[in-house]
Amino acid sequence: MVSWLSTRLLNISIASMCKAQQLVKAEVALIDGIRLGVLPDVVTYNTLIDAYCRFISIDDGYSVLHRMREAGIKPDVISYNSLIAGAARKCLLSRSLDLFEEMIQMGIHPDLRSYNILMDCLFKLGKPDEANRVFRDIILSDLHPSKATFNILIDGLCKNGYASNALMLFRNLRHRGFVPNIVTYNVLINGLCKARRLVAASKILKELEISGHEPNAITYTTVMKCCFRCKKLERGFEILSEMRSKGYTFDGFAYCTVIAALVKTGRIEEADYIIHQMQRSGIVSDVVSYNTLINHYCKQGRLDDALNLLDELEEAGLECDQYTHTVIVNGLCKAGNIDGAQQHLNYMNALGFNNLVAFNCLIDNLGKAGQIDRAMKLFKSMEFKDAFTYTILVHNLCRARRFLCASKLLVSCLKSGFRTLKATERAVLGGLRGIGYTNEARKLRSKIQSARLPH
DNA sequence: TATTTAGCGG
């Protein structure tokens, strides 16, 4: 009894150290405990596994699994769930799937949470069919799906392009007595907003309000972002002040959403004002907030300020991601340093960041700087292209009055299955006619029309 | 003791 009680006390103190990210202290407590005859149990080790996965790495979490086996304690479903969820959080999705397999091979039965995480991983990997199969298995087994199960399902459907199915599922579940929580509402509102189903989204928002739940900061940020995306700036700012008047504290998410919208629409002074507020509240602490600010400076051609922030980011122990590098490439272009931008693009590629936006940006700026042949060369070197890549290059070829080349590229864009803009087509057709190539213009027109027909 | 939601680039 006494020893059980002491182990329980040991676990409580280790849990609080882990929560405070004091893992060295937690390890010392573990050793002290053992020295005093207080033996750690499965809970002690599971707490450590979770903390290592959250704050250090999956490998460190996994080594705790070995340590517990050596100590004669068998890992259980919670040990594995912590590892699987930890890997998923760090976007190591195939590692999660491997760990799930390993758990089964060890003879440990997955529980509802294991299936929930597995389903989430499969959705995140863009495998909705497999995720749906996991859901079916949950239903067919004697596990009762929880709110989290349905939330993951609705979120996964939305993120895989099935927002309408998610909405149908939600309606269906409501009829069967399912009581959604705030996460359900937020997930669905976000999915519908992203699918541009604004009417449906506001209907769900209304339902949320009459359901007795209070919209939270996440709901507000989601709806605000949606307004900005749909160019309803003023409505977005109204939501912002409503959020403030209701006393919600602004976090990095809300600040970055607002700043990005202001920067995008060229409202520099307002952006500066909000940035000042954000910096004063001391929440510029992650890569995304740095990227938002670096972008703000790059857009204005204030490259020195941007590079200073880049130093600050690294001094804070953070690592640049593909967005940081893309913003820098864009900034170098905007400052007229095309060669520097090309060098930075090569550098980011060498680091393994193959960002299409950065390529598109450089192609556009090469074209605008009159270096259309370099732009073509860069285009040909690209492994992946999107509709923007083609559109940008076609417009720049028109600018250089190389209409025949632009026409050929427009056709290959259509052949690749990308949609083209009316303005792009007009630029090429008008250009061809302008230089007397009316026959070519006619041929291009009919190719565009046949590409529009359903196959 | 463990699972789900929101933010940045052309």
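Proteins get letters first, then strands, A, B, ... in listed order; numbering begins at 1 in each.
- Scanning atom types as modelled, one donor and one acceptor separated by under 3.5 angstrom connect the side chain of A:Asp286 and the base of B:dG7.
- The CD1-C1' distance, from A:Ile49 to B:dT1, rounds to 10 Å in whole Å.
- Atom CE of A:Met278 is separated from atom P of B:dC8 by 12 Å (rounded to the nearest Å).
- In terms of phosphate contacts, A:Asn190 brings a side-chain nitrogen or oxygen within less than 4.0 Å of OP1 or OP2 of B:dA6.
- Across all strands, A:Asp364 comes closer than 4.0 Å to no nucleic acid atom at all (heavy-atom distances).
- Rounded to whole Å, the distance from CG on A:Asn330 to C1' on B:dG9 is 7 Å.
- Note on A:Ala148: a base of the nucleic acid sits closer than 4.0 angstrom, heavy atoms only.
- In this structure, the OH atom of A:Tyr290 is 19 Å from the C1' atom of B:dG9, given to the nearest Å.
- One side chain, A:Arg399 or A:Asn396, offers a donor N or O that lies under 3.5 Å from an acceptor on the other.
- Among the protein residues, A:Asn181 comes within range of no part of the nucleic acid, since none of its heavy atoms lies under 4.0 Å from any strand.
- Distance from the side chain of A:Ile218 is smallest for B:dT5 among the nucleotides B:dT1, B:dT5, B:dT3.
- Atom pair A:Asn216:CG and B:dT4:P shows a separation of 16 Å (rounding to whole Å applied).
- Proximity note for A:Val43 (side chain, C-beta onward) versus B:dT5, B:dT1, B:dG7: the nearest is B:dT1.
- Remark: the A:His66 side chain and the A:Glu70 side chain contain no N/O donor-acceptor pair separated by less than 3.5 Å.
- The shortest distance between the side-chain N/O atoms of A:Lys194 and the OP1/OP2 oxygens of B:dT5 is not below 4.0 Å.
- Residue-environment remark: NZ (A:Lys377) stays at or below the threshold of 12 foreign heavy atoms within 6.0 Å.
- With B:dG9, B:dC8, B:dT5 as the choices, the nucleotide that has an atom nearest any side-chain atom of A:Asn291 turns out to be B:dC8.
- Atom CG in A:Asp321 sits roughly 13 Å away from atom P in B:dC8 (whole-Å rounding).
- Side-chain nitrogen and oxygen atoms of A:Arg54 include at least one within less than 4.0 Å of the OP1 or OP2 phosphate oxygen of B:dT3.
- Under the 6.0 Å cut-off for aromatic ring centres, A:Tyr347 and A:His344 qualify, their centroids lying closer than that.
- Protein atom CG of A:Leu262 is 13 Å distant from nucleotide atom P of B:dC8, rounded to whole Å.
- Considering only side-chain N and O atoms, A:Asn295 lies under 4.0 angstrom from the phosphate OP1 or OP2 of B:dG9.
- Look at A:Arg89 and you'll find a side-chain N or O under 4.0 angstrom from OP1 or OP2 of B:dT3.
- The side chain of A:Asn151 lies closest to B:dT4, out of B:dT4, B:dT1, B:dA2.
- Residue A:Asn81 places its side chain closer to B:dA2 than to any other of B:dT5, B:dT1, B:dA2.
- At whole-Å resolution of the value, CD1 in A:Ile294 and P in B:dG9 are 13 Å apart.
- Ring pair A:Phe353/A:His325 is tilted by interplanar angle, where 30° to 60° counts as tilted.
- The shortest distance between the side-chain N/O atoms of A:Lys124 and the OP1/OP2 oxygens of B:dT5 is below 4.0 Å.
- Here A:Lys19 lies out of heavy-atom contact (under 4.0 Å) with every strand.
- Here the side chain of A:Val288 is nearest to one of B:dC8, B:dT3, B:dA6, namely B:dC8.
- Residues A:Phe379 and A:Tyr390 bring their aromatic ring centres within 6.0 Å.
- Here A:Tyr323 does not count as stacked on B:dG9, because the ring centres are not under 5.5 angstrom apart with planes under 30°.
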